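None of these values were measured; they are calculated from a predicted model. Per chain, numbering begins at 1; letters A, B, ... match sequence-line order.
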Amino acid sequence: MPQQLSLQPMSKKVRVRFAPSPTGGLHLGGVRTVLYNYLFAKKHGGDFVLRIEDTDQTRYVAGAEEYIFNCLQWAGLVPDESPMHGGNFGPYRQSERKAAGIYQQYADKLIEQGYAYYAFDTPEELEKMRMDYKTEENPSPQYDHKLRMKMRNSLSLSSEETNQLLAAGARKVVRIKMPQNETVSFTDMIRGEVSFDTALVDDKVLLKADGMPTYHLAVVVDDYLMQISHAFRGEEWLPSAPVHVLLWKYLFGLEAMPQWAHLPLILGPNGKLSKRDGAKYGFPVFAMNWTDPKTNELTEGFKEKGFLPEAFINLLALLGWNDGTEKEIFSKEELVDAFSMERVHAAGAKFDYEKAKWFNHEWIKKLPIHNYQLAIMNELEATSISITDNLQFEKILNLVKDRCTLLPDFVQQAGFFFKAPQQLDVAAVKPKWTDEKKTFFETFIETVLQQADFTPLALENAFKELAAANNIKPGELQLPLRIMLVGGKFGPPVFDIAVLLGKEETAARIKYALTIF
RNA sequence: GGCCCGUUCGUCUAAGGGCUAGGACACCACCCUUUCACGGUGGUGAUACGGGUUCGAAUCCCGUACGGGCUACCA
């Protein structure tokens, strides 16, 4: 249900950002987040920033950053500012920003003001704490106000001990000190007012032992330094929003905080859409093919599956948003025009592959052939068909496009124009085949070759005249002719096919088929 | 377990207190088509449950149930 919320007056320019972590493929939810960011920015004449969150060394996957950029390029959602494009607010990689000491100084500031503290606990100690305090009612104990004084940190230790540890260069992290009884609330552009009791939120790590910031610190610091005005992300971030709000309050003031919107999740058959769902149910979940360099596992993408980028962003936009009318087919420009965050749904949307294909079908029918001619040529060349005559090619594609849902369908629907069918559906003809029909076609070969006006209509008339002369119903002859030319019971009107094939080829295919029937 | 978010046809959704709860995908039937599709017409099909507020509730409030998310030195 759309909320009636007015946007805060936009004193500063609209700047939104997408901040993926380069840890693998770009899934549907990720692309939709980019899309909504992009649409919102463009609608308000703002900027769209791509920031790379490569702060987790253990999960970083080589090549993923370029992959993400390629996906955005294919979908037509290239950012204004990014590591690839420059801009005035770089660096755009968190690893590079860490090197500049940007995060450290803000962590220090928080500690000075008593909003954060050093924690020296080792992973083993944390593990032990979780085991020791685990009960039936509380299966996952948190590092929070109830337990922090039982741990080793600058709050529980004396200042001498703390200083000694610091001087000795002990392994340490910086944690936020969550207030014990405060209610943190903020206005989400989609959900309205959301509030949290800080006593129930844990002391999240802000700066890791390796000096890298966690997402929590990075997102706040970067949004501030990059002057981000609106921050849109998936709903899975909602539970950590109070940490971010508090950080904004401590560091930069709530007035400077961007407007938040937590986008509904895209769901698979059971729960949040995952890579596994795609493999299990046979549909793509990534924008483009992604091969994990560690496991060599390939996850198929929408692009390679034969989706048009126009259809892809269209179907994604409509998964959780609509403009209030019955319009469903939107170009990117139309989306920019119609989009509003207030009309984004609060509830998660289950992905429906059948509807996704419908969108693609609509776009194949709608778009002029030349928009995707190259992609089809690639599909055909993969089956060792090469195109020489572009004009002819375009005519053929226009003839069959209504019958194609995904790009590879063109191979089935148009392949026979370039390569005689390998197999003829003999079973569809045999039972009713007669010597009279054979005679008819032997004569028809001559008709074709001598046809002066070689157009579909003229050829059809000639075909019917000859049929009448032979005392056979034309209907009984059309299916055999079709099988001769295309191999099966499919395709556009048969005389259109014959004309595009040309006299010689049509005659040759009939002649060959007669040797089989 | 705790916290947060959510709940209208199978799916995506419209309806911001007031027509018979509308559309799209999928499904079914018919028409068009001497192929397969496209297209056209029609059909099956939903307000989770219980209370309240109100002349009137899908809509506002409360509770219950159910679903999802989070609960890492991952994002």
With rounding to the closest Å, how many angstrom separate the [atom1] atoms on [N] and [M]?
N: B:C49; M: B:A29; atom1: P; result: 32 Å
N: B:A14; M: B:A58; atom1: C1'; result: 12 Å
N: B:C61; M: B:C73; atom1: P; result: 37 Å
N: B:G50; M: B:A57; atom1: C1'; result: 15 Å
N: B:U13; M: B:A48; atom1: P; result: 15 Å
N: B:C4; M: B:C9; atom1: C1'; result: 29 Å
N: B:G56; M: B:C3; atom1: C1'; result: 38 Å
N: B:A26; M: B:A37; atom1: P; result: 13 Å

Run the salt-bridge test on [X] and [Y] with the 4.0 Å N-O cut-off and return the result as yes or no.
X: A:Lys432; Y: A:Glu476; result: no
X: A:Glu328; Y: A:Lys355; result: yes
X: A:Arg152; Y: A:Asp121; result: no

Atom [atom1] of [X] and atom [atom2] of [N]: how far apart are they, to the nearest Å?
X: A:Arg130; N: B:U71; atom1: CZ; atom2: P; value: 11 Å
X: A:Phe283; N: B:U11; atom1: CZ; atom2: P; value: 15 Å
X: A:Ile190; N: B:U7; atom1: CD1; atom2: P; value: 13 Å
X: A:Asp202; N: B:A72; atom1: CG; atom2: C1'; value: 9 Å
X: A:Leu315; N: B:U11; atom1: CG; atom2: C1'; value: 14 Å
X: A:Arg191; N: B:G69; atom1: CZ; atom2: P; value: 13 Å
X: A:Lys275; N: B:C74; atom1: NZ; atom2: P; value: 20 Å
X: A:Leu267; N: B:C12; atom1: CG; atom2: P; value: 8 Å

Which base, if any, makes a Watson-Crick or G-U wobble pair with [N], both distances under 3.5 Å?
N: B:U20; value: none
N: B:C3; value: B:G69
N: B:G50; value: B:C62
N: B:U33; value: none
N: B:A15; value: none
N: B:G42; value: B:C28

For a quick check of understanding: with a heavy-atom distance under 4.0 Å over all strands, which category does [X] fall into, base, sugar-phosphate or nothing?
X: A:Thr325; answer: nothing
X: A:Val205; answer: sugar-phosphate
X: A:Asp210; answer: nothing
X: A:Val219; answer: nothing
X: A:Arg175; answer: sugar-phosphate

Determine: side-chain N/O of [X] to OP1/OP2 of [N], distance under 4.0 Å, yes or no.
X: A:His345; N: B:A14; result: yes
X: A:Asn322; N: B:A14; result: yes
X: A:Lys272; N: B:C70; result: yes

Please write out the pairs of protein N or O atoms and N or O atoms of nucleotides 1-3 of chain B separated by less than 3.5 Å, giving the distance to one decimal.
{"residue": "B:G1", "atom": "O2'", "partner": "A:Glu137", "partner atom": "O", "Å": "2.1"}

Using a distance-only test with no angle check, is there a side-chain donor-acceptor pair under 3.5 angstrom linking A:Glu310 and A:Asn314?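 Looking only at side-chain atoms, A:Asn314 and A:Glu310 do not form any donor-acceptor pair under 3.5 Å.
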
Hey, does A:Phe120 have a side-chain heavy atom less than 4.5 Å from the side chain of A:Thr162?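 Yes, close enough: below the 4.5 Å cut-off.
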
Can you tell me if A:Ser21 uses its side chain to pair, donor with acceptor, with the backbone of A:Asp54 under 3.5 Å?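 Judged by distance alone, no pair lies under 3.5 Å.
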
If we ignore hydrogens and angles and just use 3.5 Å, is the side chain of A:His27 paired with the main-chain N or O of A:Gly29 as donor and acceptor?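 Confirmed, A:His27 side chain pairs with A:Gly29 backbone.
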
Over 12 non-hydrogen atoms of neighbours within 6.0 angstrom of NZ in A:Lys419: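 Above 12, so yes.
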
Under 6.0 Å from the NZ atom of A:Lys280, do we count more than 12 heavy atoms belonging to anything else shown?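 Atom NZ in A:Lys280 is not crowded, with 12 or fewer foreign heavy atoms closer than 6.0 Å.
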
Give me the ring orientation class for A:Tyr281 and A:Phe283: parallel if the planes are under 30° apart, tilted from 30 to 60°, perpendicular past 60°.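 Answer is parallel, since the angle falls under 30°.
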
Any idea how A:Phe410 and A:Tyr372 line up, ring-wise: parallel (<30°), tilted (30 to 60°), or perpendicular (>60°)?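 Correct class here is tilted.
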
Under the rule for ring-ring contact (aromatic ring centres under 6.0 Å, His included), what residues qualify as partners of A:Phe330, not counting sequence neighbours?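 By the ring-ring contact (aromatic ring centres under 6.0 Å, His included) rule, A:Phe330 matches A:Trp321.
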
Any residue meeting side chain to side chain donor-acceptor pair (under 3.5 Å) with A:Glu505, in chain and number order, not counting sequence neighbours: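 Testing A:Glu505 for side chain to side chain donor-acceptor pair (under 3.5 Å), a comparison that skips the adjacent residues, returns A:Arg509.
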
Does A:Phe302 have its ring centroid less than 6.0 Å away from the ring centroid of A:Phe312?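 Centroid distance A:Phe302-A:Phe312: below 6.0 Å, so yes.
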
Any side-chain hydrogen bond (donor to acceptor under 3.5 Å, both in side chains) pairs touching residues 208-226 of chain A, not counting sequence neighbours?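 Found A:Arg17-A:Asp223, A:Arg51-A:Asp223, A:Gln94-A:Asp222, A:Arg97-A:Asp222, A:Tyr103-A:Asp222, A:Tyr215-A:Arg233, A:His216-A:His244.
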
Can you check each nucleotide of nucleotides 25-43 of chain B against protein heavy atoms at under 4.0 Å and return B for base, S for sugar-phosphate only, - for none, in 5' to 3' order? B--------BBBBSS----

Please write out the pairs of protein N or O atoms and N or O atoms of nucleotides 61-65 of chain B separated by less than 3.5 Å, giving the distance to one decimal.
none

Closest nucleotide among B:C74, B:G69, B:C12 to the A:Glu236 side chain: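 Closest nucleotide to the A:Glu236 side chain: B:G69.
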
Looking only at side-chain atoms of A:Ala347, point me to the closest of B:C70, B:C4, B:G6.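 Nearest nucleotide to the side chain: B:G6.
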
Both A:Gly320 and A:Ala209 contact RNA chain B. Taking the nearest nucleotide for each, which residue is further toward the 5' end?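 Nearer the 5' end of the strand: A:Gly320.
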
Is the glycosidic angle of B:C38 within 90° of 0, making it syn, or outside that range, making it anti?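 Syn for B:C38; the angle stays within 90° of 0.
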
